[in-house]
Amino acid sequence: MSAAVSPGVRRIVLDADGAALSALLCEPEHGPARAVVVALHGGGTSASYFDGQADPDQSLLTLGARLGYTVLAVDRPGYRGSAGQFPDGQRLADQAGTVRAALRDFTARHAPGAGLFLLGHSLGGKLALGLAADPDGLDLVGLDVSGCGHEYAVDPRDIVAPGGKLWRHHWGPVRLYPPDTFRTSGQVVAPMPDHEKADAIAWAEDFAALAPRVRVPLRLTFAEYEAWWRHDDPALSDLAARFTTAPRVLVDRQPDAGHNISLGWAARPYHLRALAFLADCLAARAAAGPARTAA
C-alpha cells in the first residue's frame with residue numbers, strides 16, 4: 001500500500017538517464033515557482049520523511065508550496081521506486097550522478113524559477129554536499145543540511161549495526177514528536193541499502209574532499225538532542241571552517257528536536273528557518289545582479 005500524502009502533493013517519476021527515481025512533488029497554486037527546493041532524505045527513510053502525516057504542520061512540501069516554492073522530495077537511489085534497479089543502493093559519488101541526471105530531467109519539464117535549493121537530512125545531507133561540490137551545470141542557489149556533521153559522536157559502525165539498540169539516537173525523547181508519529185512512521189521508513197552503510201563508515205574522508213569545493217551559501221542545523229554527531233562549539237567551529245570557498249556558512253541549532261527533526265514538533269520551525277535561509281540566498285543573488293553565472 002502506498003504511503004499517504006498531504007493534499008496537493010503528488011507522486012512523480014524522474015528519468016535519471018534511464019533509471020527511474022520516484023519522488024513527491026508539491027507546486028504553488030498561484031503563479032510560477034520562486035525556486036525549487038530539492039529535499040533529500042536520510043538513510044532508512046524515504047521522500048515521505050518530508051511529508052509527515054502525524055501532524056499537518058510537519059510537511060515541508062505543503063509549507064514550501066504555500067510560500068511560493070516548488071518542493072521536490074526525491075527517493076534516493078535504492079529506495080522505493082528504484083529499489084529493484086539499485087538493490088544495494090549506490091555509493092555517494094554514483095548517487096550524485098544519478099540524482100543530478102534526475103534533476104536535469106525535472107528542470108527540463110518544470111520551470112525552476114531562480115534555481116535549485118538543496119535541503120538534505122543525514123545521509124541525504126551528505127548527498128547534498130556531494131552535489132554542491134560538483135554541480136556539473138545545475139543552477140544551485142544554496143543548500144541546507146540537517147543531522148549531518150563531520151565528526152561522529154559514536155563509532156560509525158554502530159550506525160549500520162542490526163537491531164534497535166541505538167533507537168534513541170535517531171529519535172531522542174519521545175515527547176519531541178506528535179502522538180501519531182510512531183503509528184505513521186511505517187510510511188516513512190525503508191530498508192537501508194548496503195552501499196550506504198559503507199558510505200557512513202567512510203564519511204570523514206569523503207567530507208574532507210567535498211567541503212572545500214562547496215561554492216554556494218550553506219546552512220547546517222543540529223538538533224538539541226542530536227546524538228550521532230559531535231555538535232559542541234569547538235566541533236561546529238571546525239566544521240564551518242572546512243568550507244573554505246562557500247560565500248556564507250551558517251551553523252544553527254534547533255531546540256526541542258531530535259535527529260529526525262522533520263518528523264517532530266520542531267518540523268515547522270525548522271522548515272521555516274530553512275526556507276528563510278533560501279529567501280536570503282535569493283535576495284543575495286538578486287543583489288549580485290544579472291552578471292552571475294550558473295555554478
Any donor and acceptor pair, going by atom type alone, linking the side chain of [X] with main-chain N or O of [Y] inside 3.5 Å?
| X | Y | answer |
| --- | --- | --- |
| Ser6 | Val9 | no |
| His231 | Glu226 | yes |
| Gln95 | Pro77 | no |
| Ser22 | Val13 | no |
| Trp265 | Gln58 | no |

Taking all heavy atoms of [X] and all of [Y], pick out the closest pair and write down the distance.
| X | Y | result |
| --- | --- | --- |
| Pro212 | Ala208 | CD-O, 3.3 Å |
| Gly42 | Ser122 | CA-CB, 4.1 Å |
| Pro178 | Leu263 | CD-O, 3.6 Å |
| Tyr79 | Pro193 | OH-CD, 3.3 Å |
| Asp15 | Gly18 | OD1-N, 2.7 Å |
| Gly130 | Arg100 | O-NH2, 4.5 Å |

Ring pair (Phe, Tyr, Trp, His ring centres under 6.0 Å) with [X]: which residues, sequence neighbours excluded?
| X | value |
| --- | --- |
| His195 | none |
| Tyr69 | none |
| Tyr225 | none |
| Phe117 | none |

Applying salt bridge (Lys or Arg N to Asp or Glu O under 4.0 Å), name anything that partners Asp105, two or more places apart in sequence or on another chain. Arg109
Tell me every residue that passes salt bridge (Lys or Arg N to Asp or Glu O under 4.0 Å) with Asp252, counting only those two or more places apart in sequence or in another chain. Arg219
Do [X] and [Y] make a side-chain contact, defined as non-hydrogen atoms from C-beta onward lying under 4.5 Å apart?
| X | Y | result |
| --- | --- | --- |
| Phe106 | Val38 | no |
| Ser146 | Phe222 | no |
| Leu218 | Arg248 | no |
| Leu61 | Leu25 | no |
| Leu272 | Leu67 | yes |
| Thr221 | Leu250 | no |
| Phe86 | Asp94 | no |
| Leu103 | Leu116 | yes |

Taking only residues at least two apart or on different chains, which pairs with a member in [range] satisfy salt bridge (charged side-chain N to carboxylate O under 4.0 Å, His left out)?
| range | result |
| --- | --- |
| residues 40-67 | Asp57-Arg268 |
| residues 71-86 | Arg76-Glu196 |
| residues 21-41 | Arg10-Glu27 |
| residues 178-194 | Asp180-Arg183, Asp194-Lys197 |

Apply side chain to side chain contact (heavy atoms under 4.5 Å, CB included) to Val141 and Val216, showing your working. CA-CA 7 Å; Val141 175; Val216 293; over 6 Å; no
Spacing of [X] atom [atom1] and [Y] atom [atom2] [to the nearest 0.5 Å]:
| X | Y | atom1 | atom2 | answer |
| --- | --- | --- | --- | --- |
| Asp144 | Leu275 | CG | CG | 8.5 Å |
| Asp233 | Asp238 | CG | CG | 12.5 Å |
| Leu40 | Leu131 | CG | CG | 6.5 Å |
| Leu92 | Leu210 | CG | CG | 6.5 Å |
| Leu21 | Gln85 | CG | CD | 8.0 Å |
| Ile201 | Asp206 | CD1 | CG | 12.0 Å |

If you measure from the Lys or Arg side-chain nitrogens to the Asp or Glu carboxylate oxygens, is any gap between Asp199 and Arg91 under 4.0 Å? yes
Got a salt bridge between Arg215 and Asp134, using NZ or NE/NH1/NH2 to carboxylate O under 4.0 Å? no
In one Ile/Leu/Val/Met/Phe/Trp/Tyr side-chain cluster, 4.5 Å: Val189, Ile261: no
Indicate the ring-plane relationship of His121 and Tyr49, choosing parallel, tilted or perpendicular according to the 30° and 60° boundaries. parallel
Any idea how Trp171 and Tyr177 line up, ring-wise: parallel (<30°), tilted (30 to 60°), or perpendicular (>60°)? perpendicular
Would you please name every residue forming a side chain to side chain donor-acceptor pair (under 3.5 Å) with Ser82, sequence neighbours left out? none
Apply side chain to side chain donor-acceptor pair (under 3.5 Å) to Thr70 and list each qualifying residue two or more places apart in sequence or on a separate chain. none
Are Trp228 and Tyr152 close enough that their ring centers fall under 6.0 Å? no
Taking the six-membered ring for Trp and the single ring otherwise, decide whether the centroids of Phe50 and His271 are under 6.0 Å apart. no
His150 vs Arg242, test: side chain to side chain contact (heavy atoms under 4.5 Å, CB included). Steps then yes/no. CA-CA 10 Å; His150 71 317; Arg242 302 296 186 94; 4.0 Å; yes
What residue among Thr98, Leu118, Val99 forms side-chain contact (heavy atoms from CB on, under 4.5 Å) with Leu127? Val99
Go through Leu72 and Ile12 one step at a time and tell me if the side chain to side chain contact (heavy atoms under 4.5 Å, CB included) criterion holds. CA-CA 9 Å; Leu72 175 70; Ile12 65 169; 3.8 Å; yes
Go through Arg104 and Asp136 one step at a time and tell me if the salt bridge (charged side-chain N to carboxylate O under 4.0 Å, His left out) criterion holds. CA-CA 10 Å; Arg104 290 197 189 100; Asp136 194 17; 3.0 Å; yes
Where do Met192 and Leu123 land on the side chain to side chain contact (heavy atoms under 4.5 Å, CB included) test, with the steps shown first? CA-CA 11 Å; Met192 185 178 185; Leu123 286 177; 3.3 Å; yes
